Amino acid sequence: MENNTQIYGIRAIIEAINADKAIDKVFIQKGLKGDLFKEFETLIRRNGINSSYVPVEKLNRLTKGNHQGVIATISPIKFFTIEELVENVSAKETTPLFLLLDQLSDVRNFGAIIRTAECTGVDGIIIQKKGAAPVTADTIKTSAGAAFKVPIAKVDHIKDAVFYLQASGIRTIAATEKTENSVYDISFKEPCAIIMGSEDLGISPSILKVVDDKAKIPLLGEIGSLNVSVACGVFLYETVRQRSL
């Protein structure tokens, strides 16, 4: 599997967007101008597509083809809306379990989390359209193929997803050290969504203000935190333990 399917050229990418392809990111050469380019910029903004303005050297490293100043990467999986995800899960007879990833950026951490999510019965993963790690070949490989089995939804903002889940009867629980509550003191038996933060900054303060509960993992050593994929595994298997009692 190649790292990601690439398409290049403004018109080709416009057609891909209009055909509702799952575009992860667009790389745009700095300094591009013209009416077609303005149309292109408007389209990617309207669709909330993640984009970066980069030097032409970056584009030349990404492809040997005639990129014409723009390259897009297409995800190997289909993404869902949060409405589709919650509706599909609500139709099941099991207790819903969701995972929200707030600005997680490392594709291998993402893949490891997807793998653990599949093993622990997570019904769906929710990520943000901008700033989140893309689903690449490395993600697929690290997930051991679980990325094809666990539904993933994209939202404009994780905070909006929190509000939507709460309105749908799903309790939101943030994994954060900024609390006195241990992960072992919180109930995961009811429908819930666990929120994990980014590798360096954790969960956004604005999200911590609106969640239903917060929980931390007891740390007995001198290092102040766990790798996010390991921490996620602790939360998910505590959920499995509680629900099996």
Side-chain angles (χ1 to χ4, degrees), residues 75 77-90 92 94-129 131-135 139-140 142-166 168-176 183 186-199 201-204 207-208 210-217 226-243:
S75 172
I77 68 166
K78 176 186 181 294
F79 291 103
F80 295 84
T81 66
I82 189 171
E83 293 83 4
E84 290 171 332
L85 184 60
V86 173
E87 183 179 345
N88 292 341
V89 173
S90 298
K92 299 180 181 179
T94 55
T95 304
L97 175 59
F98 296 98
L99 189 59
L100 278 70
L101 305 180
D102 181 26
Q103 302 290 290
L104 190 84
S105 59
D106 185 275
V107 295
R108 290 180 177 82
N109 278 336
F110 190 18
I113 285 173
I114 297 171
R115 183 173 185 173
T116 304
E118 199 280 331
C119 291
T120 53
V122 169
D123 293 295
I125 297 173
I126 301 166
I127 62 174
Q128 195 162 284
K129 288 179 181 177
V135 178
T139 314
I140 301 290
T142 310
S143 78
F148 296 120
K149 299 178 181 295
V150 181
I152 301 175
K154 279 190 173 185
V155 294
D156 290 327
H157 303 287
I158 291 295
K159 191 174 180 180
D160 292 337
V162 170
F163 289 140
Y164 186 86
L165 290 169
Q166 290 171 333
S168 302
I170 308 295
R171 225 166 112 252
T172 54
I173 304 167
T176 175
V183 62
I186 299 292
S187 173
F188 296 91
K189 290 186 177 182
E190 60 192 85
C192 65
I194 297 169
I195 307 165
M196 306 301 301
S198 68
E199 294 87 349
L201 299 176
I203 297 173
S204 306
I207 294 174
L208 290 177
V210 299
V211 297
D212 297 303
D213 278 305
K214 303 171 191 172
K216 66 180 179 180
I217 299 171
L226 293 170
N227 172 277
V228 64
S229 66
V230 175
C232 186
V234 173
F235 272 79
L236 291 177
Y237 271 101
E238 174 60 13
T239 304
V240 171
R241 185 191 71 81
Q242 290 188 19
R243 292 185 176 187

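Hydrogens, waters and symmetry mates are skipped; everything else that's a heavy atom, side chains included, is used. On a predicted model such as this, the values are computed, not experimentally measured, just so you know.
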Checklist line | Separation of Glu83 CD from Ser168 OG (nearest 0.5 Å) | finding: 9.0 Å
Item checked: Residue pairs involving residues 230-242 (criterion salt bridge (Lys or Arg N to Asp or Glu O under 4.0 Å); sequence neighbours excluded) -> Glu238-Arg241
Item checked: Atom pair OG/CG of Ser105 and Leu201 - distance to nearest 0.5 Å -> 9.0 Å
Notebook entry, point to check: Considering residues at least two apart in sequence or located in another chain, which fulfil the salt bridge (charged side-chain N to carboxylate O under 4.0 Å, His left out) criterion with Asp213?
Noted result: Arg171
Notebook entry, point to check: If you look only at pairs with a residue in residues 143-155, which of them pass as a salt bridge (Lys or Arg N to Asp or Glu O under 4.0 Å), with sequence neighbours excluded?
Noted result: Asp24-Lys154
Notebook entry, point to check: For the side chain to side chain contact (heavy atoms under 4.5 Å, CB included) test, which of Val89, Val122, Ile82 pairs with Phe98?
Noted result: Val89
Notebook entry, point to check: Do the side chains of Leu85 and Tyr164 get nearer than 4.5 Å, heavy atoms only?
Noted result: no
Item checked: Spacing of OG belonging to Ser143 relative to CD belonging to Glu118, to within rounding of 0.5 Å -> 9.0 Å
Check: Has Glu84 got more than 12 heavy atoms of other residues, nucleotides or ligands less than 6.0 Å from its CD?
Finding: yes
Note to self: On a heavy-atom basis, which atom in Ala112 and which in Thr142 lie closest, and how many Å separate them?
What the structure shows: N-CG2, 3.6 Å
Notebook entry, point to check: Looking at Thr95 and Arg243, what are the two nearest heavy atoms and their distance?
Noted result: O-NH1, 3.0 Å
Notebook entry, point to check: For Cys232 and Leu99, what are the C-alpha separation, side-chain angles and deciding distance, and is it a side chain to side chain contact (heavy atoms under 4.5 Å, CB included)?
Noted result: CA-CA 9 Å; Cys232 186; Leu99 189 59; 3.7 Å; yes
Item checked: Heavy-atom closest contact (Ile173 atom, Ser187 atom, distance) -> CD1-O, 4.0 Å
Item checked: Separation of Thr120 OG1 from Tyr237 OH (nearest 0.5 Å) -> 6.0 Å
Notebook entry, point to check: When rounded to the nearest 0.5 angstrom, what is the spacing between CG in Leu236 and CD1 in Ile113?
Noted result: 8.5 Å
Checklist line | Heavy-atom pair of closest approach, residues Pro134 and Phe110 | finding: O-CD2, 3.9 Å
Notebook entry, point to check: Which heavy-atom pair separates Ser229 from Asn109 by the least distance, and what is that distance?
Noted result: OG-OD1, 3.8 Å
Notebook entry, point to check: CG of Leu97 to SG of Cys192: how many Å apart, nearest 0.5 Å?
Noted result: 5.0 Å
Margin query: Minimum heavy-atom separation for Ile170 and Ala193, please, with both atom names.
Written below: CG2-N, 3.6 Å
Next item on the list: For Asn88, enumerate each residue passing the side chain to side chain contact (heavy atoms under 4.5 Å, CB included) test, keeping only those at least two apart in sequence or located in another chain.
Entry: Phe80
Next item on the list: May I ask you to test the Val228-Asp106 pair for a side-chain heavy-atom distance under 4.5 Å?
Entry: no
Notebook entry, point to check: Between the side chains of Gln166 and Thr172, does any donor sit under 3.5 Å from an acceptor?
Noted result: yes
Notebook entry, point to check: Checking Gln128 side chain against Ile158 main chain: does a donor-acceptor pair fall under 3.5 Å?
Noted result: yes
Next item on the list: Return the set of residues passing salt bridge (charged side-chain N to carboxylate O under 4.0 Å, His left out) with Asp156 (not counting sequence neighbours), or none when no residue passes.
Entry: Lys129
Notebook entry, point to check: Is a side-chain N or O of Gln242 found less than 3.5 angstrom from the main chain of Phe188, in a donor-acceptor match?
Noted result: yes
Note to self: Out of the candidates Ile126, Ile127, Ile194, Ile203, only one should pair with Leu100 under the side chain to side chain contact (heavy atoms under 4.5 Å, CB included) rule; please name it.
What the structure shows: Ile126
Next item on the list: Walk me through it: do Met196 and Leu104 pass the test side chain to side chain contact (heavy atoms under 4.5 Å, CB included)?
Entry: CA-CA 8 Å; Met196 306 301 301; Leu104 190 84; over 6 Å; no
Notebook entry, point to check: What residues, two or more places apart in sequence or in another chain, satisfy side-chain hydrogen bond (donor to acceptor under 3.5 Å, both in side chains) together with Lys189?
Noted result: none
